[in-house]
Amino acid sequence: MRLMLLALLLAGPSASAEPYHLIPGRVPLDWQGPDGNTVILDAPRGLIVFDTGRSPMHAQAILDYAKSRHRPIAAIVNSHWHLDHTTGNYDLRQVYPKAAVYASTAIEGALVGFLNKGREQGDKMLADPNVSEGQKAQLIRGRYRVDHPDTLRPTRPIVRSGRMTIAGRTLDVHLAKFAATEGDVWVYDPKSRTLIVGDLVVGLVPFMDTACPEGWAKALDEVAAAPFTTLIPGHGGPMSRADYLAWRKAFNDFIDCGHSAADKKQCVNGWEHDAGKFVDPEHRNYVRGAADYYLTTRLRSSPDEQQRYCKKLKSS
Ligand SMILES: [Zn+2]
C-alpha cells in the first residue's frame with residue numbers, strides 16, 4: 001500500500017480527466033492585457049502545447065505542468081502570431097530547445113506592419129517616466145521577441161490544411177487565411193472530438209485589430225462543419241456545439257450591425273446581449289469598450305482600412 005502511494009507521488013499528477021489540459025489565460029483589467037488560453041495534449045513523443053501566453057507567469061504555469069507530468073514539451077502550435085499567444089514560445093524553448101513550432105507564416109507580414117508599429121509606440125512608452133516599471137518590463141519582454149523574430153517564427157510552417165502527425169499524434173490541422181490574422185491555425189482532435197481554435201472564437205469580444213471580417217466569418221463556417229463536441233476558444237471557457245453556434249450568430253450579427261447605419265451603441269448593446277453568457281460580469285465594461293473600439297477602428301473605418309487585412313501584407 002505504502003509502495004503504491006509512493007509510486008503515485010513519484011508519477012505526479014496524471015493527465016486531466018478531460019482529454020486535454022487547459023491553462024486558462026487571465027484577463028487582467030489593467031495595462032497587462034490578456035494571456036491567451038493554453039491547451040496541452042499528450043502525444044507519444046511528449047506534450048503538444050497550443051499557444052504559450054504573454055506573461056512570464058503564464059509561461060511558468062506551462063513549464064510547471066510539463067515538469068509535474070515528467071514529460072518534455074515536444075511541440076508548440078501557435079493559433080496565430082498575436083503576442084498574447086506566442087510570447088511564451090521563447091521561455092518554453094529555453095527549457096525544451098528541441099520543441100518544434102508549428103504556425104502559419106503570417107508573422108512575416110506582422111513584422112513589417114502591426115508589430116513594427118507597436119514597437120515604435122512601445123519605445124515612446126519606455127521613455128515615459130510616468131509608465132510603471134512593471135509595464136516597462138512587459139514592453140521589453142515583447143520587444144525582445146519582435147527584435148528576434150526567430151523566437152516567434154515557426155520551425156514547421158503550416159501552409160495548408162490537412163491531417164498531420166505532431167509529436168507522434170494525429171491531428172486535423174486547418175489553416176484559415178485572412179481571418180483574425182493573415183493565417184489562423186485551428187486544430188481538430190478526432191480522438192476526443194475537441195476543437196482548439198485560438199482567437200477565431202473569443203469569449204470576450206472578437207479581437208479585430210488585424211482581422212478581415214469576411215474571411216473570419218468564412219472560417220467560422222468551416223469550424224461549424226467539424227464534428228466536434230467541445231471547442232476551446234482563444235480566451236474564455238470551453239464551449240459546447242450549441243454555445244459555439246450561438247457565439248457565431250452573435251459574431252455575424254455584430255459584423256452586420258457594424259456595416260449597417262445602426263447607431264454604434266445599438267451594436268455594442270447587441271453584442272453585450274448576444275454574447276453575454278460567455279462574458280464574465282467583471283469584464284463587461286472592458287467588453288463594451290472593446291466592441292466600441294473595433295466598430296470605430298475596423299468596421300466603420302475607410303473602405304481601404306477595412307480591407308487592409310484581407311490581402312497579403314507586403315514589406316515596404
Ligand atoms: Zn488573444
Side-chain angles (χ1 to χ4, degrees), residues 22-40 49-59 61-62 76-92 101-104 106-107 109-111 113-115 118 122 138-139 141-142 145-146 151-152 154 174-176 178-187 195-213 215-216 219-220 223 231-239 244 247-248 250-251 254 271 275 278-280 283 286-287 289-291 293-294 297-298 309:
L22 173 65
I23 298 179
R26 300 173 320 141
V27 186
L29 290 168
D30 58 10
W31 50 265
Q32 294 178 77
D35 285 307
N37 284 336
T38 288
V39 186
I40 304 178
V49 175
F50 293 84
D51 288 344
T52 59
R54 181 204 312 271
S55 68
M57 294 85 80
H58 192 94
I62 300 170
I76 295 167
V77 182
N78 288 133
S79 60
H80 62 301
W81 58 260
H82 287 175
L83 293 178
D84 55 324
H85 298 258
T86 53
T87 302
N89 284 17
Y90 180 61
D91 305 277
L92 269 49
V101 180
Y102 293 79
S104 80
I107 182 67
L111 283 166
F114 191 86
L115 288 173
Q138 176 168 296
L139 285 165
R141 182 172 158 82
R145 308 303 191 265
V146 175
T151 61
L152 300 170
H174 296 259
L175 176 64
F178 307 109
T181 67
E182 191 180 311
D184 290 346
V185 171
W186 56 280
V187 170
L195 267 185
I196 305 163
V197 296
D199 282 5
L200 288 176
V201 181
V202 174
L204 299 154
V205 68
F207 290 134
M208 302 186 72
D209 303 82
T210 59
C212 175
W216 192 333
L220 292 179
V223 165
L231 176 149
I232 306 169
H235 303 262
M239 294 182 183
Y244 170 68
W247 191 90
R248 181 178 64 154
F251 175 94
F254 181 66
W271 176 261
F278 307 110
V279 179
D280 197 315
H283 296 137
Y286 165 80
V287 161
Y293 172 78
Y294 292 125
T297 59
R298 304 294 323 144
Y309 297 105

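If you read the sequence from its start, that first residue is 1, and numbering goes on from there. When a ligand or atom number is given, it counts from 1 through the structure's own listing order.
Proximity of a side-chain donor or acceptor of Asn78 to a complementary backbone N or O of His80 within less than 3.5 Å is not detected.
Side-chain contact of Gln32 with Arg26: a donor-acceptor pair under 3.5 Å is present, judged by distance alone. There is no side-chain donor-acceptor pair under 3.5 Å between His82 and Thr181. Looking at Tyr309 and Asp209, their side chains never bring a donor and an acceptor atom within 3.5 Å of each other.
In terms of distance to the Zn ion (ligand 1), the nearest N, O or S atom of His235 is named NE2. Of all N, O or S atoms in Asp84, the one lying closest to the Zn ion (ligand 1) is OD2. Of all N, O or S atoms in Asp199, the one lying closest to the Zn ion (ligand 1) is OD2.
The Zn ion (ligand 1) has an N, O or S atom of His85 under 2.8 Å away, backbone or side chain.
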